[in-house]
Every structure is written in structure tokens, then in C-alpha cells.
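Counting convention: from 1, in listed order, for ligands and their atoms alike.
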Amino acid sequence: MAWFKREKKPIEQTTPPEERRVRTEGLWIKCDSCGTIIFRKDLEANLFVCPKCQFHFKMNAKQRLALLLDGRWTEHDSGMMSTDPLKFVDTKPYARRIKEAQKKLGVNDAVITAEGQLNGRPVVCCAMEFGFIGGSMGAVVGEKVTRGIELAMETRQPFIAVSCSGGARMMEGTISLMQLAKVSAALARLDDAKLPYISLLTDPTTGGVTASFAMLGDLNIGEPGALIGFAGPRVIEQTIRQKLPEGFQRSEFLLDHGFLDAVVHRKDLKNYIAGALDLLLT
Ligand SMILES: [Zn+2]
């Protein structure tokens, strides 16, 4: 018998294989902008803003509502979900894509409608969930935002929308595009009712969402460095056959060119919106 053969039984493994790894994964995050490695807890405590370069990381819908609203809020239309009207299939069936996103994120579509208070003032706020099929707007998002606006009218509260979206949802074709008209019409009624609408555009806000409610605010506020546009830069360059300037389609560029009213750092957002509502409602 070879001397190196193990004669005794190996030490019994009591921990299951999936728990044997040291859990450091996900504790640290690298900043997309400056490359600094940030401790996740520090990043969360800093409202998901890089402490070194002030790069604004994406926030999900619930984090966004926690940032803007005081404590508890009531969710509306949470059960609404897509019926997959076109029975659409690309690399996988749309119905499966929806189910997977619902399971992963715990929301039924790409927007949460919340009724709560912002610095003590009652508001209706729709916050988009980018993780849900790129925050795309299909029939459910369009309908929920419309109902959110209608709720604001019924209860005489200001309306706030936080956009974070790749645009219309391709898997619902024309039905997605019809949402642009529907939401815009509802906002016109909100305007007739003399209620303010504040639009917050976060990274990224593009396509059909930019082309409808995101740009229709009484105040359009962007987060620093957010990509905001309709078509992507490559498509525009090919169409106009010109090189685009530096910083094109970023919040600061849009502010300089009159497409936004303000670019506000995340830590100042809540107070800024509260101040704006004070002005608009007096
Ligand atoms: Zn950074």
C-alpha cells in the first residue's frame, strides 16, 4: 500500500457545498465612473452615490420611494400584469420573461405607484423599476401611470414620476406606443385640474418614456450624469452624419440646452422637490 493513501475516513463535511464559500461576494462594488472599490454598506448609506466622484448609481423603485417619501406609503394597482397580447417570442417567450422578472424583483411590472407623503405633503408618486425588462413601458406601465395621475386628480395631490427606462416595450408592439398618447392625455387633464406634476429623470431615461411623460413635467429635474434622450447617440450620428459633442444626452448638457429645468444631486432631491411643490401650490 502506498504511503500517501488515505486510510482514515475523510473529515465529515457538515456544511452543504453552496455554503462552503466565504461570503464576500457582493460586499464590494466598483464605481463605474472612477473605479473606486466601495463597501456596499457605505454606498447604501451614501444614497448609492460614489463618495469619491459623486457618480449616481441606479436605484430600484423601492429604494427610490424610500428616498423621496416619509416612512410608509400605500401601493396602488400592484396586481396589474401584462396579458402578453401578441404572444411574443424573441430569444425566449415574453410570458416567461415577465414571470422571471416578477420572481426576481418581487414586482409585477416596471413601475410602482405609491401614495405617501413628501416632507409632510401628500403626493402620488410613480417610480420605475429598471430591473424589470429595462424599465420598459408596456400596457401595464402606461395604465398604472395613467391611474396614478387620475388618483392625484381625485385626491387633489401633486403627481411625481421617477423615470428610469429604456423606452417602449417592444414585446407589446403598437400597444406600447399607444401608452404615450394615453399618459400624455392624462397629464393634460392634470394640468387642467391645476395640479403640479414633477418629473424626475434618472439614468437612463430614453425612448418612448422621454417622448411622453418624462418630458412633460411642470418641472423636469435630472439627476447628475443621467443619460436622457430619445434615440441613442449611434443612431443620431448615422442619421445626421455628424460627430456628436462631448457629454451629449447627459443631464448637464440637457440643462445647458433648455431641456431640463434643474440638475439636482440625490442628497438634495427630496428637499428640492418639496420646495418646488411649496412654490407651485401657493
Ligand atoms: Zn466614483
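- The Zn ion (ligand 1) has Cys31 SG, Cys34 SG, Cys50 SG, Cys53 SG as protein N, O or S atoms under 2.8 Å away.
- Within the structure, ring-ring contact (aromatic ring centres under 6.0 Å, His included) pairs that include any residue of residues 251-282 comprise His56-His265, Phe248-Phe253, Phe253-His257 (at least two apart or interchain).
- For Lys270, the side-chain hydrogen bond (donor to acceptor under 3.5 Å, both in side chains) partners at least two apart in sequence or on another chain are Asp70.
- A search for side-chain hydrogen bond (donor to acceptor under 3.5 Å, both in side chains) contacts involving Arg40 returns nothing, not counting sequence neighbours.
- Annotation for Val263 and Glu252: closest pair CG1-OE2, 4.0 Å, computed over non-hydrogen atoms.
- A donor-acceptor contact under 3.5 angstrom links the side chains of Lys182 and Gln179, judged on distance only.
- Not a single donor-acceptor pair under 3.5 Å links the side chain of Glu115 to the backbone N or O of Val124.
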